Amino acid sequence: MNSPSSTDAGTDSEPTRTAFRTCPLCEAGCGLQITVKGEGANQEVTHIRGDMQDVFSKGFICPKGSTLRQFQSDPDRLRRPVVKRDGEFVEVEWDEAFATIAAGLMPILDEHGRDSAAIYLGNPGAHSIAPMMYNRNLIKSLGTRNRFSASTVDQRPKEISAALMFGSVAVPVPDLNRTDHIILLGANPYASNGSLCTAPDFPGRLEAIQARGGKVVVIDPRRSETALKADEHVAIRPGTDSHLLAAIANVLITDGLADPSHVAEHCNNLDDLPALLAPFTPEAVESICGIDAAHIRTIATELASAKTAAVYGRIGTCTQEFGTLASWLVDIVNILSGNLDKVGGAMFSKGAVGQPSTKGKPGSGRGFRMGRATSRVGKHSESLGEFSVAALPEEIETEGPGQVRALVTVAGNPVSSNPNSGRLDAALGSLEFMVSVDPFINETTRHADVILPPPPPLQKSHYDLALLNFAVHNVANYSEPVLPLDEGQLSEGAIMLRLAALFDGADVSELEAAAAASDEGAARAMLASATRDEYGKVHGRDVDEMFEQLNGESGPERLLDVMLQTGPYGAGFGADPDGLSLATLRANPNGVDLGALEPERIPDLLRTPSGKIELTPEQILGDMPRLVASLDRDWDDTMVLVGRRHVRSNNSWMHNVPVLMKGRNRCTMQMHPEDAERHGVDDGAPARVASRVGEVIIDVEITDGIRPGVVSIPHGFGQNMPGVKLRTATEYRGVNTNVLTDESFRDELSGNIALNGVPVTITPA
Ligand SMILES: Nc1nc2c(c(=O)[nH]1)N[C@H]1C(S)=C(S)[C@@H](COP(=O)(O)OP(=O)(O)OC[C@H]3O[C@@H](n4cnc5c(=O)[nH]c(N)nc54)[C@H](O)[C@@H]3O)O[C@H]1N2
Ligand SMILES: Nc1nc2c(c(=O)[nH]1)N[C@H]1C(S)=C(S)[C@@H](COP(=O)(O)OP(=O)(O)OC[C@H]3O[C@@H](n4cnc5c(=O)[nH]c(N)nc54)[C@H](O)[C@@H]3O)O[C@H]1N2
Ligand code: SF4
Ligand SMILES: [Mo]
């Protein structure tokens with residue numbers, strides 16, 4: 001048995017046991033209680049329900065959580081590597097798959113150099129322990145400058161604004177459990193369960209705010225599920241959150257409502273804000289945002305007068321034209337309204353592992369610098385070690401030295417998730433070689449020459465390395481694999497380390513040994529780095545002595561143990577006997593409660609060279625003229641496209657689970673009745689939607705729950721492409737909205753794609 005469990009007699013003669021595992025599907029990280037029947041290789045999961053004893057989720061679960069079972073048994077999920085022969089995928093043994101990669105990829109790298117390969121890392125990698133630990137090995141071994149990820153169709157603007165202000169990617173989260181007033185912009189946690197704010201049962205936490213007499217305000221062009229439950233819904237014009245937030249900040253300042261005194265001594269350039277925000281009066285932005293000036297003043301006044309309050313912006317505020325400014329302004333408003341770093345305000349999580357803001361000297365650091373490199377063709381700037389996905393298609397298409405001829409994807413489906421996907425799809429079709437670490441043959445991986453499938457979640461261990469650093473309560477939770485690996489299956493970590501060893505030039509026969517050596521090297525390097533931290537738990541200690549204590553572990557578990565032990569709550573290899581280690585987490589399969597978020601993390605948390613919060617970083621100042629200029633723009637009535645999510649869907653890759661796909665078509669274009677009439681389209685009938693880059697035909701859903709002038713289409717649908725092997729998903733009546741989104745419509749500062757606010761034309765189909 002490989003799971004903390006209690007064995008008891010089942011209803012029939014087969015033994016059953018209970019296992020616990022964190023759900024890896026979205027950022028909420030709910031605890032699952034899993035019933036397993038049978039023994040050895042014949043074990044089978046019979047039930048999945050919410051884990052009532054989970055220290056964080058306390059039994060909450062959404063309709064997706066229990067589908068890990070269906071995912072496990074999905075007949076389309078790859079169990080063995082596949083390689084493409086004469087246009088068809090055939091199953092092969094692992095060694096043959098690696099040999100095929102060596103034969104196909106290495107000659108390209110040898111002839112054209114390392115930059116002739118690109119790598120794309122996708123979202124499930126952030127929910128999976130092995131990619132979290134080993135993506136960096138893969139990147140280093142591949143040695144290419146052409147690195148991409150789903151971050152530039154997601155949160156990059158927030159990462160940049162937080163890093164510029166606080167010196168590391170320390171993103172404040174709303175103190176949902178204690179706040180009296182919350183303003184949510186561009187987020188629909190009733191569908192998404194939250195993002196950059198880890199909070200199982202986010203909806204329940206919002207309802208609790210209302211129950212204790214507080215107020216929930218939702219700012220969204222759609223009357224989303226969250227807006228429906230809110231005390232107030234403000235239907236903003238897409239892409240104008242920066243204007244609104246700047247006006248709120250402006251009112252706080254000019255009406256004398258601002259009170260940043262609790263952090264003022266730790267802020268640089270507080271006095272520059274009034275002049276910077278002066279152009280953004282409520283009157284100047286009202287027609288742009290589509291919100292009356294008086295209403296904007298009320299929003300600001302209520303925010304200032306609430307006992308505690310937090311402003312929270314998510315995907316709608318990031319994937320838009322002014323994404324970094326909007327992300328920055330969220331924190332500026334939290335500071336000016338006196339709510340940053342205070343109980344009930346916007347606070348900082350303290351995760352048990354991996355947070356730069358808990359390493360090194362408290363209170364200052366090297367800070368954050370934007371990347372210096374630019375991409376070959378479009379001269380896109382690098383940020384956090386990557387180029388914007390806007391650069392990926394053109395790097396493949398454009399001939400010349402440095403042209404991308406090969407691609408590695410890990411847990412990504414860019415043909416579905418990236419802008420102008422028709423163009424990207426064609427570009428992937430022209431590659432000389434492609435390898436994917438992925439469990440499915442989908443829109444993207446159908447272009448691969450080799451697909452290496454990781455085991456499904458129930459056969460993997462778990463720790464939310466990234467997401468627990470954005471949690472609304474400090475917790476740590478490790479899950480053992482619920483089921484053992486199948487005969488001959490490689491763990492995801494082994495796949496990644498072997499691939500990395502192959503990129504380093506190892507022979508196929510040497511991969512296992514090379515992977516083990518680099519894994520040990522990674523643990524030793526991590527330990528060595530911790531010994532150099534003068535302020536850390538193991539400063540000056542002997543690496544070998546600590547490494548010995550890790551005996552018996554390998555893979556991600558060993559690295560996790562190092563991170564836990566050297567982290568802010570860590571046992572420090574004996575230094576603090578009550579501290580955390582992997583052993584502690586193993587003994588507590590429902591998680592360890594590390595306490596409520598702490599106030600007054602500033603200044604210790606800061607890693608800026610100045611030791612101050614940088615309120616007006618130079619990059620932000622450089623981008624402000626673009627926002628000021630937009631005040632004079634003709635904000636005409638062009639129809640614009642936004643996205644949405646549904647609780648029974650997860651980006652592009654859960655549409656093969658039949659139980660989640662039941663019911664009415666969810667991939668519709670929502671449209672206001674006035675617009676439908678103006679464009680001559682009917683409810684339930686198909687319409688043709690066109691943008692600068694593409695067009696789709698999609699069923700119209702007429703609803704007054706959307707702002708006139710705006711249409712909404714969810715992303716992640718449209719699996720019905722030739723070669724895709726997802727029998728349920730391909731039958732679904734859906735289209736890929738990213739055929740319409742446009743890589744040239746971006747937030748310039750971050751390179752993030754503006755997936756929202758895309759101009760479209762609509763005609764009956
Ligand atoms: N129009 C529009 N587009 C969007 C968005 C939007 O709101 N609107 N949202 C954007 C956002 S926020 C995101 S995060 C991106 C997501 O973009 P991507 O990360 O590119 O795509 P996903 O749809 O998450 O697909 C994930 C892939 O990982 C595979 N996979 C699943 N589990 C595992 C695993 O455990 N290991 C491995 N190796 N692979 C696995 C799946 O089979 C699938 O191929 O989409 C973005 N695209
Ligand atoms: N069920 C489910 N859960 C998920 C996912 C999923 O696909 N399905 N994906 C996961 C991922 S990867 C992420 S990043 C998170 C995202 O989680 P959220 O940020 O909550 O994303 P959405 O649910 O898409 O809600 C975004 C809202 O922004 C609104 N919006 C669009 N444009 C604008 C704008 O310009 N301004 C404002 N103010 N609002 C705007 C949309 O109408 C929509 O209601 O969800 C995660 N959880
Ligand atoms: S909200 Fe649903 S998908 Fe997200 S972690 Fe919880 S059970 Fe899983
Ligand atoms: Mo995302």
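Whatever order the structure lists ligands and atoms in, that order sets their numbers, starting from 1. In what follows, residues are counted from 1 in the order of the sequence shown. No experiment lies behind these values; they were computed from the predicted model shown.
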*May I ask you to check whether Arg205 and Asn177 show a side-chain donor-acceptor distance below 3.5 Å?*
yes

*Does a salt bridge link Asp747 with Arg626, judged by any charged N lying under 4.0 Å from a carboxylate O?*
yes

*If you measure from each non-hydrogen atom of Asn188 to ligand 2, which part falls under 4.0 Å: side chain, backbone, both or neither?*
both

_Testing the 3.5 Å rule here: is there a donor-acceptor pair between the side chains of Ser195 and Glu27?_
yes

*Can you list the ligand 2 atoms lying under 4.0 Å from a non-hydrogen atom of His646?*
1 (N), 2 (C), 8 (N)

*Answer with yes or no whether Ala191 contacts ligand 2, where contact means a heavy atom under 4.0 Å from a ligand atom.*
yes

*asked:* Regarding Ser421 and Asn418, do their side chains bring together a donor and an acceptor under 3.5 Å, going by distance alone?
replied: no

*With atoms numbered from 1 as shown, which atoms in ligand 2 lie under 4.0 angstrom from a non-hydrogen atom of Ile219?*
37 (C), 38 (N), 39 (N)

_Could you check whether atom CZ of Arg77 has more than 12 heavy atoms from other residues, nucleotides or ligands sitting under 6.0 Å from it?_
yes

*asked:* Does ligand 2 come near enough to Arg222 that some N or O of the ligand is less than 3.5 Å from an N or O of the residue?
replied: yes

*Does the distance from a Lys or Arg side-chain N to an Asp or Glu carboxylate O, for Asp331 and Lys158, drop under 4.0 Å?*
yes

*Answer yes when Asp231 and Lys215 have at least one side-chain N-carboxylate O distance shorter than 4.0 Å, and no when they do not.*
no

*Number the atoms of ligand 2 from 1 as they appear, then name those within less than 4.0 Å of a heavy atom of Arg314, with their elements.*
14 (S), 19 (O)

_Contacting atoms of ligand 2, where contact means under 4.0 angstrom from a heavy atom of Asp154_ = 14 (S)

*Looking at residues at least two apart in the chain, or sitting in another chain, which of them share a salt bridge (Lys or Arg N to Asp or Glu O under 4.0 Å) with Glu443?*
none

*asked:* For atom 15 (C) of ligand 2, what is the closest protein heavy atom, and at what distance to 0.1 Å?
replied: Ser195 CB, 3.5 Å

*asked:* Using a 4.0 Å cutoff against the non-hydrogen atoms of Ile315, which atoms of ligand 2 qualify?
replied: 14 (S), 18 (P), 19 (O), 21 (O), 22 (P), 24 (O), 26 (C)

*asked:* Closer than 4.0 Å to some heavy atom of Gly186 - which atoms of ligand 2 meet that?
replied: 19 (O), 26 (C), 27 (C), 28 (O), 37 (C), 38 (N), 39 (N), 40 (C)

_Candidates Ile248, Leu244, Leu627 - the one meeting side-chain contact (heavy atoms from CB on, under 4.5 Å) with Phe280_ = Leu627

*Does Lys64 reach ligand 2, in the sense of a heavy atom lying below 4.0 Å from it?*
yes

_Is it true that Asn413 and Asn651 share a donor-acceptor pair across their side chains at a distance under 3.5 Å?_
no

*State whether the shortest distance between N or O atoms of Arg645 and N or O atoms of ligand 2 falls below 3.5 angstrom.*
yes

*Check: Trp653 side chain, Gly412 main-chain N or O, donor-acceptor pair, under 3.5 Å*: no

_Just to verify, what does Glu748 make a salt bridge (Lys or Arg N to Asp or Glu O under 4.0 Å) with, not counting sequence neighbours?_
Arg746

_Min heavy-atom dist Val647 to ligand 2 below 4.0 Å_ = yes

*Counting from 1, what ligand 2 atoms have a heavy atom of Ser649 closer than 4.0 Å?*
1 (N), 2 (C), 6 (C), 7 (O), 8 (N)

*Nearest candidate to atom 47 (N) of ligand 2, where distance is taken over non-hydrogen atoms, out of Ser192, Ala150, Gly643*: Ser192

*Can you list the ligand 2 atoms lying under 4.0 Å from a non-hydrogen atom of Pro221?*
30 (N), 33 (C), 37 (C), 39 (N), 40 (C)

*Of the listed options Asp220, Val640, Val642, closest to atom 41 (C) of ligand 2 (non-hydrogen atoms)*: Asp220

*His473 and Asp593: side chain donor to acceptor below 3.5 Å*: yes

*Tell me the protein N, O or S atoms under 2.8 Å from atom 8 (Fe) of ligand 3, in chain and number order.*
Cys23 SG

*Thr319 side chain to Leu755 backbone, donor-acceptor under 3.5 Å*: no

_Shortest reach to atom 34 (C) of ligand 2 by a heavy atom, considering only Asp241, Asn756, Leu244_ = Asp241

_Any residue meeting salt bridge (Lys or Arg N to Asp or Glu O under 4.0 Å) with Glu225, in chain and number order, not counting sequence neighbours_ = none

*Does a donor on one side chain and an acceptor on the other come within less than 3.5 Å for Ser192 and Arg645?*
no

*Does Gly239 come within less than 4.0 angstrom of ligand 2, counting non-hydrogen atoms of the residue?*
yes

*Minimum non-hydrogen distance to atom 7 (O) of ligand 2, winning option of Asn651, Thr317, Leu196*: Asn651

